[in-house]
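First up is the structure itself, then whatever we jot down about it.
The sequence lines fix the lettering, A, B, ..., with proteins before strands; numbering per chain opens at 1.
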Number of protein chains: 2
Amino acid sequence: MESLRVELITVGHELLTGSTVNTNASWIGMSLSKLGLTLSRITVVDDRVDEICSSLNEAISRKSSFIIFVGGLGPTHDDITLEAIAKCIGKKLVLNKDALHMIREYYRERKLKLRMTKERLKMAMLPEGSIPLRNRKGTAPGIQLGIDNSLVFCLPGVPREMRSIFNTSIKKIIIERIGTIYRERKLVLIEGIPESSLAPFIRKLQKSYPEAYVKSHPKGYHEGISRLVLELDMRASDKEKLERRLEEMISTIKDYIKNKGGNLKVIGE
Amino acid sequence: MESLRVELITVGHELLTGSTVNTNASWIGMSLSKLGLTLSRITVVDDRVDEICSSLNEAISRKSSFIIFVGGLGPTHDDITLEAIAKCIGKKLVLNKDALHMIREYYRERKLKLRMTKERLKMAMLPEGSIPLRNRKGTAPGIQLGIDNSLVFCLPGVPREMRSIFNTSIKKIIIERIGTIYRERKLVLIEGIPESSLAPFIRKLQKSYPEAYVKSHPKGYHEGISRLVLELDMRASDKEKLERRLEEMISTIKDYIKNKGGNLKVIGE
């Protein structure tokens, strides 16, 4: 079902020094999950042409259908994502009239009388062949660009701008390509049975439900009793079948845990 | 100064679906920063042998001095980091007696009378040539392993276990290799001058202070006034010189901002 490979490349020094937590990555991971897709890889690179270029080449060589870049589209000297992509694929950065129009419009709507400086113009200089994606929450437009068999998107790193462009443009393009895939997720709290005792059962469970992803998250001991959360993540193109299979799976787990003298509670989705 | 390349590879499906935010990555980024090092790349891969292996090979081919893996050392079926590394470098997983001793001791200290099941034994099966690193907060030991010219560390994904092994073992090994590098970081809030107007000045500033990393983080508009935070991150092996240069840099920024009619405040480190 998940034949499409999607990779995310987040660009930014602040992600590497740890001064910013990469919540953009988890937001995109979650948003793609809702569409039935799972990221195959996340790469975080510095604001450097060689690093951005090698990460792009690697994602293309892994035959990714979609490659999403986040960060480095702004006006400052270290915003070099588009420059790096252009160099990497041997294209020029050219003034994109639609992008320029979007930037002017953004300033006009906010009644900001700003000169079109070199730095502002930079945000409309896109790799040849790019399609700008409107940014309703900030200045720098996103872009869409086909490279080999991959469709590449670039989004600004400011979270509300990134989210807005993803929701208004990218989601639609992805859904058009993949159709609708349903997804259900349950979190089950298990008490009284340590992870290492549970492991053989989980392995069998995973085999019986190949359409699900099963993962245990140990939560240590609480008043001498071991706790862990079991994550169940199931996908299917048939909604009813999905719900039936998930219920069946949970009751299998319930039976096993009660048999072993443990406790179980579904705690969330 | 930063001739050593350090890469982090975090393993875990939950990081790709966005159900877990990668705070382990930011913690390691920050901890390395305190030692004067900056991560060159962070890669997030799924619990799959092929993905783990390709990410390792790529990090080695980029001549990384240190490669830190986080995640996938536990007892369950999807904890496959060590198995994947062993396959990748053509070594066997062998029972490590020191690791087994650490696991037994961990159970004994907590008065847990648990049988040594296949799953528990698994945590002591390390790629040939590995040195186990004691885990004082959980069962699975970390490991240290030389591959080509890279030193590879593997840590469990449970944050308190990962932090504990990093602080007690890895930090020392890294400091022995690199010596002490001092670092100062300042955050400066600038109001009333938009990022795009500030860009040429920042570019010049970066040129005059090549030992610093300068980055502007736009924070939008507040009551009609633009706000941004300027991040200054400077390193040197001479502590006094570092402090003098950073002060000099901040007063250059102050002069410029006041001249342009903006406001400035140092808001943190």
Could you tell me which portion of [X] (side chain, backbone, both or neither) has an atom closer than 4.5 angstrom to a non-hydrogen atom of chain B?
X: A/Arg48; result: neither
X: A/Ser31; result: neither
X: A/Pro194; result: side chain
X: A/Lys118; result: side chain
X: A/Thr139; result: neither

Under a 4.0 Å threshold between the charged nitrogen and the carboxylate oxygen, would B/Glu58 count as salt-bridged to A/Arg41?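 Looking at A/Arg41 and B/Glu58, the cut-off is met.
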
Does the pair B/Arg5/A/Glu51 count as a salt bridge with the N-to-O cut at 4.0 Å? yes

Nearest 0.5 Å please: distance from the [atom1] atom of [X] over to the [atom2] atom of [Y].
X: B/Ile42; Y: A/Leu15; atom1: CD1; atom2: CG; answer: 6.5 Å
X: A/Thr76; Y: B/Leu228; atom1: OG1; atom2: CG; answer: 9.5 Å
X: A/Glu231; Y: B/Glu14; atom1: CD; atom2: CD; answer: 7.0 Å
X: A/Ile202; Y: B/Asp78; atom1: CD1; atom2: CG; answer: 8.0 Å
X: B/Ile28; Y: A/Thr17; atom1: CD1; atom2: OG1; answer: 14.0 Å
X: B/Glu7; Y: A/Thr43; atom1: CD; atom2: OG1; answer: 9.5 Å

Work out which heavy atom in [X] is nearest to a heavy atom in [Y]; give both atom names and the distance.
X: A/Ser197; Y: B/Arg120; result: OG-NH2, 3.0 Å
X: A/Thr38; Y: B/Leu16; result: CG2-CB, 4.3 Å
X: B/Ser26; Y: A/Thr20; result: CB-O, 4.3 Å
X: B/Ser196; Y: A/Thr117; result: O-OG1, 4.2 Å
X: B/Ala199; Y: A/Pro75; result: CB-O, 4.0 Å
X: B/Val21; Y: A/Val21; result: CG1-CG1, 3.4 Å

Looking at B/Gly138, B/Ser55, B/Pro218, which has the largest count of heavy-atom pairs under 4.5 Å with chain A?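 Of B/Gly138, B/Ser55, B/Pro218, B/Ser55 has the most heavy-atom pairs under 4.5 Å with chain A.
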
Among B/Met30, B/Lys34, B/Lys219, single out the residue with the greatest number of heavy-atom pairs under 4.5 Å to chain A.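 Option with the greatest count: B/Met30.
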
Against chain A, label B/Arg110 side chain, backbone, both or neither, depending on which of its atoms sit under 4.5 Å from a heavy atom there.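 Neither part; nothing is under 4.5 Å.
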
Between B/Tyr213 and A/Asp47: side-chain donor-acceptor atoms closer than 3.5 Å: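 The answer is yes; a qualifying pair exists.
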
Student check: side-chain heavy atoms of B/Arg185 and A/Ser19 closer than 4.5 Å: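 Yes, side chains in contact.
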
Counting heavy-atom pairs under 4.5 angstrom with chain B, the leader among A/Arg62, A/His13, A/Glu195 is A/His13

Using a 6.0 Å cut-off, check whether atom CZ of B/Arg203 has over 12 heavy atoms from anything other than its own residue.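 Count over threshold, so yes.
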
